[in-house]
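Structure first, commentary second.
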Amino acid sequence: MKKEQNTTEQKQEQPKPSTRAENSEQIQIPLAELIKNRYEKVRKLQAKGINPYPYRYERDYHIRDVLDNFDEFEAQQTRMKLAGRVMLKRKMGKVFFADIHDSTGRIQVYVKINNVGEEQFELFNDIDLGDIIGCEGTVFVTRMGERTLNVTHFELLTKALHPLPDKHAGLQDVETRYRRRYADLIVNPDVRATFVMRTKIIQAVREFLNDQDFLEVETPILQPIYGGGNAEPFKTHHSRLDMPMYLRIADELYLKRLIIGGYEKVWEFCKDFRNEGMDRLHNPEFSMVELYWAYADYRDMAALTEELWRYVVSQVHDSYKVPYGEHEIDFEPRFRWVSMVDSIKEITNLDFLSMSYDEAKAAAKNLGVDTDELINWGKCVEAVWEAKVEPTLIQPTFITDFPKEISPLAKQHRSNDRLTERFELFIAGMEMGNAFSELNDPVDQLQRFLQQGKALEAGDTEAQPLDDDFITALSYGMPPTAGLGFGVDRMVMLLTNQHSIRDVLFFPQMKEMKEGSIPVSSILAQLISNNGDI
RNA sequence: GGGGGUGUAGCUCAGUGGUAGAGCACCUGCCUUUUAAGCAGGGUGUCGAUGGUUCGAUCCCAUCCACCCUCACCA
């Protein structure tokens, strides 16, 4: 524990005051020039008494509505007000064409000097790509066949100072897309669609569990003691109480307390935090769903898991066949249910269940598996399984009955004392869920905590500390219970055909950018301090 | 953490041991149903950062930073 504090204690750094803006040297970059051009337009408008950032706009249709009912609107010459961001602008003599986008779609607007008058026409000349405007008029179809709003009056609703990315190539640079998600969302409709899917998926999970009478609950994110999994936590500090606190790594121990308290079906949509490496499947902050179901075992949970997936897929896709990379995942047939040792036997013809530790180790070695750290039978089985079976699991498959040595949180299997009642669900090669017949013997649980405590002292930063109150809770008696946890981000990845967790998180964790682009704040600070000059 | 790759204009990308280019965007002018509008003109840049080699580095070398891929660990 002490050792861990030394390595993970976070420095109580004050937020750095924003001095870059004030101290900036003479800025001579094209971006500054572009921003200056736009800022000058702001000042020009203000000089005319026009607020470039007004308060509201009485819009009466979304663009989608207009396009869906276009013929009627055109026939009746319905007056309408639309609003959106200017994404394209073309000037042709005394006429402008522009494309505006709102959250529902895109429409072309037509600004003709005879229709809007000279003053408005001049104002539109100063409209830049990225500005947000409101337009009033009636619709018509141009010679080229494009459905268009014939503008009679428009208003600037928000002046954009920063230029948009390229109108055709869009924003490709992944780093910029993650760091400035707003810019990504403005120009990449597919990205917006992916995140709408994310919301729908989460809603579908919630609907399903609520329909099954699972009670959605909330448990602490900020915890005096963490547990429920093996992971290094984020550590923080409560000033008034002067005590260390942790961000949760799992919900398990709190949800089980609620089962002890008498709720029979509980679940939580949980943000968890793990102080570990980051890669395409891992963000330090991530979303899980955990559920606990009293009087049920892991087979009941598997049946429920399968129903849940099928429900979610049906809510967000037209078909049970879902593309993922080069594969097509079919959720319609019953998911395969195969024990870990049987899945190995299918591929290698070797029955590990009948082997001793020494035999298993030798067999693993024969299969080309590195056996140096395989300290028991269970580790051998796991290593062989990971090497030979896991990569083959594309269609939904429950891998079940894990060896006891690698499943410290699961109940021993009722019919084989080398195994546990546990399954993991695999889809498209990713682990999509982990479930047990939960351990509810307080003495057994205490022994496992004590073992973990030794590992902690030995320097294992991912071991979990003894939670005395949880043992107390278990001593009141927890009914037989099945528990399931699954990563929501991965579920979203699978159902949106995304291959990095960063593409399903609006704001993935990024390292601090120490060098590189000059912040807009510096450019603006210089502009306002120099009265508009650079 | 190991290995590989990338970093040049607001965006998308070329390129070179003699301080740099294209398209889009931007600026100026022309054009009243255009549409990747067009036509004429304009390059607006600490070439990721810091050192080194060199007469001279954006380019070669070293270190560092960020991002991507991959392996190991984890949801």
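Chain naming here is simple, since letters A, B, ... match the order of the sequence lines and numbering starts at 1 in each.
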Give each stem of RNA chain B as a range with a range, requiring at least 3 consecutive Watson-Crick or G-U wobble pairs whose two distances are under 3.5 Å.
-> B:1-7 with B:65-71, B:10-13 with B:21-24, B:26-30 with B:38-42, B:48-52 with B:60-64
Only one of A:I329, A:L495, A:I394 passes side-chain contact (heavy atoms from CB on, under 4.5 Å) with A:Y324, and that residue is A:I329
Taking for each residue the nucleotide of RNA chain B with the nearest heavy atom, is it A:G145 or A:R38 whose nucleotide lies nearer the 5' end?
-> A:R38
Which of these passes side-chain contact (heavy atoms from CB on, under 4.5 Å) with A:S407: A:T420, A:L439, A:D401?
-> A:T420
Determine the interatomic distance between P on B:U8 and the same-named atom on B:U58; round to the nearest Å.
-> 15 Å
Report the residue from A:Y298, A:W309, A:F423 that forms a ring-ring contact (aromatic ring centres under 6.0 Å, His included) with A:F398.
-> A:F423
Would a 4.5 Å heavy-atom cut-off, applied to side chains only, mark A:V205 and A:M491 as touching?
-> yes
A:F273 vs A:F234 aromatic rings, parallel, tilted or perpendicular, using cut-offs 30° and 60°?
-> perpendicular
Regarding the side chain of A:L171, the nearest nucleotide among B:U12, B:A72, B:C26 is B:U12
Cation over ring, A:R422 on A:F402, under 6.0 Å and within 45°?
-> yes
Reckon A:K271 touches a base, only the sugar-phosphate, or nothing at all at heavy-atom distances under 4.0 Å?
-> nothing
Separation of the P atoms in B:G48 and B:C11, to the nearest angstrom = 13 Å
Determine whether A:M493 and A:R280 make a side-chain contact, defined as any pair of heavy atoms from C-beta on separated by less than 4.5 Å.
-> yes
B:C60 to B:G18 separation - P atoms, rounded to the nearest Å = 12 Å
If each of A:S287 and A:S500 is mapped to the nucleotide of RNA chain B with the nearest heavy atom, which maps nearer the 5' terminus, i.e. the 5' end?
-> A:S500
Do the side chain of A:T142 and the base of B:U35 come within less than 3.5 angstrom through a donor-acceptor pair of N or O atoms?
-> yes
A:E268/A:R248 ion pair, N-O < 4.0 Å = yes
Using the C1' atom in both, what is the distance from B:U44 to B:U28, to the nearest Å?
-> 14 Å
Less than 3.5 Å between a donor and an acceptor, one on the side chain of A:D166 and one on the base of B:G23, is that the case here?
-> yes
On a whole-Å scale, what distance lies between the C1' atoms belonging to B:A9 and B:C26?
-> 11 Å
Can you sort out which residues in residues 386-394 of chain A have a heavy atom within less than 4.0 Å of RNA chain B? Ascending by number, please.
-> none
Would you please indicate if the ring centroids of A:F96 and A:F121 are separated by under 6.0 Å?
-> yes
Check whether any side-chain N or O of A:R502 sits under 4.0 Å from OP1 or OP2 of B:C68, and answer yes or no.
-> yes
base_contact_polar (B:U35 base, A:E146 side chain, donor-acceptor, <3.5 Å) = yes
Taking only side-chain nitrogens and oxygens of A:K167, does any of them come within less than 4.0 Å of OP1 or OP2 of B:C26?
-> no
